[in-house]
Protein chains: 2
Amino acid sequence: MDLGEPEPRPGQEPVNRVKPRKATRIQIRNQERILDGALSIFASTGFRGATVDELARASGMTKPNLLYYFRSKKALYIAVLELVLERWLEPLEQLDPDGDPAEQILAYMRAKLAMSKERPEDSRLFANEILNGAPMLGAVLQGHLKELVEQKAAVIRHWCDTGQLNRVDPYHLIFMLWATTQHYADFEVQVTALLGDNQRDKTYGDAADTLETVLMQGLLPRA
Amino acid sequence: MDLGEPEPRPGQEPVNRVKPRKATRIQIRNQERILDGALSIFASTGFRGATVDELARASGMTKPNLLYYFRSKKALYIAVLELVLERWLEPLEQLDPDGDPAEQILAYMRAKLAMSKERPEDSRLFANEILNGAPMLGAVLQGHLKELVEQKAAVIRHWCDTGQLNRVDPYHLIFMLWATTQHYADFEVQVTALLGDNQRDKTYGDAADTLETVLMQGLLPRA
DNA sequence: GTCTATAAGAGGATAGAC
DNA sequence: GTCTATCCTCTTATAGAC
């Protein structure tokens, strides 16, 4: 997924200064370390809240050294978004039109919940970006994401039309699945404030049970 | 709800410089204008993303003039949070232990959805704050909010125990209601990117229908 | 109460030595 | 490739005139 560079000044090098052909092991390792640390910082403070100093410290580098690898804070941010976007959308892509509706929706819910548990920073990265108006991700929302969701909404609509699911709006069902699962990552401090922080496994287990109960009884036609 | 001032330097005046006793109509009006504009700015960019310049422009004032009314950007932010917190928590407080369970939960869902529609900035203000670790709201989460949620969770648990609702975890049911309703405010750009922006009424109508269908069939015991 | 001017400092990015 | 030193802009907050 290519987000494009907002300001490709003429004569300037692209987002990533290092020429792919000449990338040494050190360069690759450093880039990965930077991206890794940057995800963590951007996820917890958003784009504007992050400072290049913090970003550099997060990967054990100095500021100018980080800026040797990524031309600017913005370029780094875009690189992180691109990196994370692929695995972010994968669970929805896996939704199988030929599978059993109930099973497919439950599997999607569980995959998204697992992502909130295992990769909460991915979720918070996107939450920050979208909450603040999706300045960098806007094109993706109206392009690739829109296509993907249209396609999967059609699948769900077909399941409703053939009586395999109760009649619900497919888009809003998808929003419901997103909201309920991402909530545990995005609002983690609130969840742990209310449930206690030594309860992570239990929290996600109970969440899955509750969602399964409500979704299955709510979506499956009564016999 | 008092959030307290993080750094009450001795000899300094409190958050709001204007002495309550002497507040003139102009002062009150100006404070309201500032708080109003500030909500809009803080909601869309978060605390760190907002600049005092923007905050001042949003209320048609100059920077020093705004800082005459509120000692610092942080003090203004806290004042906005305090102002909004009360109406933010009201719907949950309204949940009536003596009402009909299905009706009460539907009414809560509808009230929260209405808040997302009518006051999306309130929702985004809190979303930004919590997503970024609730630096100012942490005490509220572990204090007043925790008590309120415990109390309402007990109500829901009682409804489950007496067979009026399916057995679900009350906390996670509350999270589900929060997540599904606040999603429409917090991720509005995504929702409109996927559904179109000339559809606000339809969007919220369909959302309510979908949530009602899933919740009612998912929560009410089968006859 | 409101303004212009400015101090004080944080933050993004670069220069240039090594 | 990496560092120290530095530039310059943006931002918070204050001084002091009116």
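Every chain is numbered from 1 and lettered A, B, ... according to where its sequence line falls, protein lines coming before strand lines.
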Detail all sub-3.5 Å separations between protein N/O atoms and N/O atoms belonging to nucleotides 15-18 of chain C.
none

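When all heavy atoms of B:L85 and B:F126 are compared, the pair lying nearest together is CA-CZ, 3.6 Å.
The nearest heavy atom of DNA chain D to A:R48 and to A:I28 marks one nucleotide each, and the one closer to the 5' end goes with A:I28. Comparing B:N30 and B:K63 by the nucleotide of DNA chain C that holds the closest heavy atom to each, the one mapping nearer the 5' end is B:N30.
Distance, A:R71 CZ to C:dA13 P: 9 Å, rounded to whole Å. Atom pair A:R57:CZ and C:dA10:P shows a separation of 13 Å (rounding to whole Å applied). The interatomic distance linking B:I41 (CD1) with D:dT12 (P) rounds to 12 Å, in whole Å. Rounded to whole Å, atom P of D:dC10 lies 13 Å from atom CD of B:E54. At whole-Å resolution of the value, CZ in B:R33 and C1' in C:dT2 are 12 Å apart. Distance A:N65 CG to C:dT14 P: 14 Å, rounded to the nearest Å. Atom CG in A:L66 sits about 15 Å away from atom P in C:dG11, given to the nearest Å. In this structure, B:L67 places its CG atom 11 Å from C1' of D:dT11, rounding to the nearest Å.
Phosphate proximity of D:dT2 to A:T62: absent, as no side-chain N or O sits under 4.0 Å from OP1 or OP2. At the phosphate of D:dT2, OP1 or OP2 sits under 4.0 Å from a side-chain N or O atom of A:Y69.
No side-chain heavy atom of B:F187 sits under 4.5 Å from any side-chain heavy atom of A:L131.
Among the protein residues, B:A50 comes within range of the sugar-phosphate backbone only, with heavy atoms under 4.0 Å from sugar or phosphate atoms but none that close to a base.
Residues B:E147 and B:Q151 have side chains that never bring a donor and an acceptor to within less than 3.5 angstrom of each other. Between the side chains of A:S123 and A:D186, a donor-acceptor pair is found at a separation under 3.5 Å.
For A:S72, counting side-chain heavy atoms from C-beta on, the closest listed nucleotide (D:dT2, C:dA13, C:dG11) is C:dA13. The A:K73 side chain lies nearest to C:dG12 when the options are D:dT12, D:dT2, C:dG12.
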Which donor-acceptor pairs under 3.5 Å do the side chains of residues 199-209 of chain A make with protein atoms, sequence neighbours left out?
from   : atom 1 : to     : atom 2 : distance (Å)
A:R200 : NH1    : A:K117 : O      : 3.2
A:R200 : NH2    : A:K117 : O      : 2.9
A:D201 : OD1    : A:K117 : NZ     : 2.8
A:K202 : NZ     : A:D206 : OD2    : 2.6
A:T203 : OG1    : A:Q199 : O      : 2.9
A:Y204 : OH     : A:S116 : O      : 3.3
A:Y204 : OH     : A:Y184 : O      : 3.4

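Within the model, atoms CE of A:M61 and OH of A:Y68 stand 10.5 Å from one another, a figure rounded to the nearest 0.5 Å.
Under the 4.0 Å criterion applied to side-chain N and carboxylate O atoms, A:E93 and A:K152 are not assigned as salt-bridge partners.
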